[in-house]
Chemist: 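I'd like to ask some things about the structure below.
Numbered from 1 within each chain, the chains take letters A, B, ... in sequence-line order.
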Protein chains: 2
Amino acid sequence: MEKELLEDYRFGRQQLIEIWGHACAVAVTKAFPLPSLPRRQPTLLVACGPAQTGAIGLVCARHLRSFDYEPTIFYPKRSPDPLHRDFTTQCERMDIPFLSYLPTEVQLINDAYNAVVDAVLGAEGEGTEGTEPCAATLATLRHVRIPIVSLDVPSGWRAGPGDSGDIRPAVLVSLAAPKAAARRFQGQRHFLAGRFVPEELRRKFGIRAPPYPGSDCVVALGPPGGAPGDTGTPQ
Amino acid sequence: MEKELLEDYRFGRQQLIEIWGHACAVAVTKAFPLPSLPRRQPTLLVACGPAQTGAIGLVCARHLRSFDYEPTIFYPKRSPDPLHRDFTTQCERMDIPFLSYLPTEVQLINDAYNAVVDAVLGAEGEGTEGTEPCAATLATLRHVRIPIVSLDVPSGWRAGPGDSGDIRPAVLVSLAAPKAAARRFQGQRHFLAGRFVPEELRRKFGIRAPPYPGSDCVVALGPPGGAPGDTGTPQ
């Protein structure tokens, strides 16, 4: 579908990354409203991978900052793509802190942040989840006890049956359309960020979703095991 | 400020136009919620000029479509800029109708649409408002009786004292920061679409605004004559 958006509908990559990153940030505000956070500071860790999912994470972090959260970015392998570099600069210039390394002592992460945004691999991970520095990041994320928000596809998940070593996100944000792996999602909240998707493409790809409320860019999908068409009332 | 966003913060033009167009569409949903529209069909006319304001209008129309409005675009002088062409293609592929001419009989416009979005000139108008086809469009907009939503600066307004022949928008959406002309705005609702603007730039340019509610990308500013700091309760 992304190919059709880019080629037939002439969406731009910068435009899509901006739309998705913004929508992911909005989903985070719905899953973890500021007053609900367990820690006094509204801290979030945003782990960004080397490709497009990582760029979406950067945009998500920027919008979270404008929504009064305190994101910290971990972006160990920076993309040389000028587009991604610009998204990085926007975060740097907005004084969002970048971690130079991820503590291997998981308890430090559990103590410092309210949640982690997993923008490491997304749907691009197939076959690369074992390479550094992503492997080390995922090894850490597997053990954190604070909630994980995964963008599009939980990083490291394979298309086939799940591996018990997988990370287990509490929240999944599907971009444009839920991917096959979303069927294995067992967390609490599943959002679809696809309001901008033209009606014709939604029909073509058989995307069924409850109506988006108001002018929201995301909609909550039914919880795992929920009735078809369930509008995903918060758990 | 736009220069600093582009050069120092490395925002992209595609990104800014997308952010602003989306915010303008959200402002329209706040000023004219679907259930409040006087006509049975949620029709809107979006008049787009030849430069960046027109491109923002195209993005606004696309998002209005996804918010279940029925926008129709009038875009008589198309920009050759490939970026603007892509925004046009997105609208065309989403089956948003384009008018090939604007009825000179104003009553036809009053009868067909609930409101008009003025994305003709914005802040770029100085000195070009007399050239065709903008002049004809503005001549028509001066006489319509349905509400006008102007983007950034009402088209044709000069920086200096107002001309009695000016269009008189009911709604103004200021992009990033209110422009000087906004002080002469006498309509009902004034929105600021600048949540994405980095804090440092807001301070540098002295932008004061009430807090943006929730994850909203626009905030209502006080009505004309309202108390300073008035949060712009709907009229």
Chemist: Heavy-atom count around A/Lys179 NZ within 6.0 Å, excluding the residue itself: above 12?
Modeler: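 Check passes, neighbour count above 12.
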Chemist: If the contact rule is any heavy atom under 4.5 Å from chain A, which residues of residues 45-66 of chain B qualify, in numerical order?
Modeler: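 Residues in range: B/Arg62, B/Ser66.
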Chemist: Answer with side chain, backbone, both or neither: which region of B/Gln15 has an atom nearer than 4.5 Å to a non-hydrogen atom of chain A?
Modeler: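 Both parts, backbone and side chain.
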Chemist: If I measure from the heavy atoms of chain A, does B/Ile19 come under 4.5 Å with its side chain, its backbone, both, or neither?
Modeler: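 Side chain only.
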Chemist: If you check every heavy atom in residues 84-101 of chain B against those of chain A, which residues fall under 4.5 Å?
Modeler: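 Listed by number: B/Asp86, B/Phe87, B/Thr89, B/Gln90, B/Arg93, B/Met94.
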Chemist: Specify which of B/Ala25, B/Cys217, B/Pro198, B/Gly214 makes the most heavy-atom pairs with chain A at under 4.5 Å.
Modeler: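 Of the candidates given, the most pairs with chain A belong to B/Pro198.
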Chemist: Report which part of B/Glu199 has an atom under 4.5 Å of a heavy atom belonging to chain A: side chain, backbone, both, or neither.
Modeler: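 Contact with chain A involves no heavy atom of B/Glu199 at all.
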Chemist: Would you compute the distance between atom CD of B/Gln14 and atom CD of A/Gln14 and round it to the nearest 0.5 angstrom?
Modeler: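 Spacing of CD (B/Gln14) from CD (A/Gln14) equals 5.0 Å.
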Chemist: Can you tell which of B/Arg10, B/Lys30, B/His22 has the highest number of heavy-atom pairs within less than 4.5 Å of chain A?
Modeler: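 Of B/Arg10, B/Lys30, B/His22, B/Arg10 has the most heavy-atom pairs under 4.5 Å with chain A.
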Chemist: Among B/Leu201, B/Thr29, B/Asp8, who wins on heavy-atom pairs under 4.5 Å with chain A?
Modeler: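 Highest number of pairs under 4.5 Å: B/Asp8.
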